[in-house]
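A quick write-up on the structure given underneath.
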Amino acid sequence: MYIDAYLIPVAIDKLAAYEAFSRKVTDVYREYGATRIVDFRLDPDTPGGEEFHADGARDALADAGPLRDFIVAADARPGETVILAWTEWPSKDVRDSGLRNALADPRIQPEPGEGMVFEGRRLVAGSFAPLREMSSP
């Protein structure tokens, strides 16, 4: 498996447009070999990054200022949320070919006069190869 992962700051009032865009992208990416595409919205009821650090780590880092979270990492602004998304591919080879073809496909390009759903320059992206996996028993 090979994964492309994204942090995407999206204006809350554009979430429906993002979902429509993601559905369109999903259809195209699957044609080029993607096996799964997942979108999660940051839960607004979850506190910041401090919750995810053990007590000792929080104490050790207390003088360093606030701990980072996805809002900071995605440079989300007031009125925005963060989407955590990923695309699963069966292999890096399939991904390299599939992504190249998908990104060139005119079906995922904006229509004339269609506004941008999010600012592409603020998208945080990376590709990941497996390190380890834990599954349910």
Side-chain angles (χ1 to χ4, degrees):
M1 181 189 326
Y2 197 78
I3 293 179
D4 290 322
Y6 312 93
L7 285 181
I8 311 165
V10 176
I12 292 169
D13 63 359
K14 290 189 175 184
L15 280 173
Y18 175 84
E19 289 182 60
F21 170 76
S22 182
R23 280 192 294 279
K24 184 168 52 169
V25 166
T26 296
D27 292 342
V28 173
Y29 276 45
R30 283 193 169 191
E31 285 182 30
Y32 293 111
T35 56
R36 185 173 179 221
I37 296 177
V38 179
D39 290 300
F40 282 94
R41 175 185 177 187
L42 185 67
D43 183 350
D45 296 329
T46 300
E50 302 84 28
E51 177 180 338
F52 297 96
H53 288 79
D55 292 341
R58 274 194 299 253
D59 294 343
L61 296 169
D63 294 336
L67 298 171
R68 294 178 54 85
D69 58 21
F70 283 105
I71 293 169
V72 173
D75 190 28
R77 299 173 182 156
E80 292 180 333
T81 187
V82 178
I83 302 295
L84 169 63
W86 67 84
T87 303
E88 295 178 13
W89 304 89
S91 69
K92 183 175 184 334
D93 289 340
V94 171
R95 180 266 187 194
D96 289 349
S97 171
L99 183 63
R100 182 175 47 254
N101 290 324
L103 293 177
D105 194 303
R107 293 174 292 170
I108 66 167
Q109 305 306 318
E111 298 290 329
E114 182 180 47
M116 297 302 291
V117 177
F118 58 88
E119 292 179 51
R121 67 178 179 75
R122 292 173 53 217
L123 173 122
V124 179
S127 299
F128 296 84
L131 178 62
R132 65 175 290 280
E133 180 178 335
M134 187 215 53
S135 299
S136 302

Does either side chain, that of D96 or that of Y2, offer a donor lying less than 3.5 Å from an acceptor on the other one? no
Just verifying a value: how many Å separate D13 CG and T81 OG1, rounded to the nearest 0.5 Å? 12.0 Å
Under a single-linkage definition using a 4.5 Å side-chain heavy-atom cutoff for Ile, Leu, Val, Met, Phe, Trp and Tyr, are I108 and V94 assigned to the same hydrophobic cluster? yes
Are side-chain heavy atoms of M1 and I3 found at a separation under 4.5 Å? yes
E80: which of R41, R122, K14 passes salt bridge (Lys or Arg N to Asp or Glu O under 4.0 Å): R122
Main chain of V72, side chain of D69: is a donor-acceptor contact present, judged purely on distance under 3.5 Å? yes
Output, in order, the C-alpha distance, side-chain angles, deciding distance and verdict of side chain to side chain contact (heavy atoms under 4.5 Å, CB included) for S97 and D93. CA-CA 6 Å; S97 171; D93 289 340; over 6 Å; no
Is the count of non-hydrogen atoms from other residues, nucleotides or ligands lying under 6.0 Å from F70 atom CZ greater than 12? no
Atom CG in L84, atom OH in Y6: separation rounded to 0.5 Å? 11.5 Å
Minimum side-chain heavy-atom gap I8-V82 below 4.5 Å: no
Can you find a side-chain donor-acceptor pair between S127 and R95 that sits under 3.5 Å? yes
Quick one, F118 with F21, criterion side chain to side chain contact (heavy atoms under 4.5 Å, CB included). Give me CA distance, side-chain angles, the key distance, then yes/no. CA-CA 10 Å; F118 58 88; F21 170 76; 3.8 Å; yes
Using atom types as modelled and distance alone, determine if a side-chain donor or acceptor of E88 lies under 3.5 Å from a backbone N or O of V38. no
Is the W89 ring parallel, tilted or perpendicular to the Y29 ring (thresholds 30°, 60°)? tilted
Look at E19 together with K24 and state whether they make a salt bridge at an N to O cut-off of under 4.0 Å. no
Looking only at side-chain N and O atoms, does Y18 offer a donor or acceptor that is under 3.5 Å from a partner on D39? yes
Work out which heavy atom in G33 is nearest to a heavy atom in P90; give both atom names and the distance. O-CD, 3.3 Å
Could you give the distance from CG (L7) to CD1 (I83), rounded to the nearest 0.5 Å? 10.0 Å
Looking at every heavy atom in both A76 and P9, which two are closest together, and how far apart are they? CA-CB, 4.2 Å
Given side chains that start at C-beta, do those of Y32 and D105 come closer than 4.5 Å, heavy atoms only? yes
For V25 and R23, run side chain to side chain contact (heavy atoms under 4.5 Å, CB included): C-alpha distance rounded to whole Å, both residues' side-chain angles, the deciding distance at 0.1 Å, then the answer. CA-CA 5 Å; V25 166; R23 280 192 294 279; over 6 Å; no
Let me check something: do L99 and V124 share a hydrophobic cluster, defined by ILVMFWY side-chain heavy atoms less than 4.5 Å apart, either directly or through other members? no
L15 and F40: same hydrophobic cluster, using ILVMFWY side-chain contacts below 4.5 Å? no
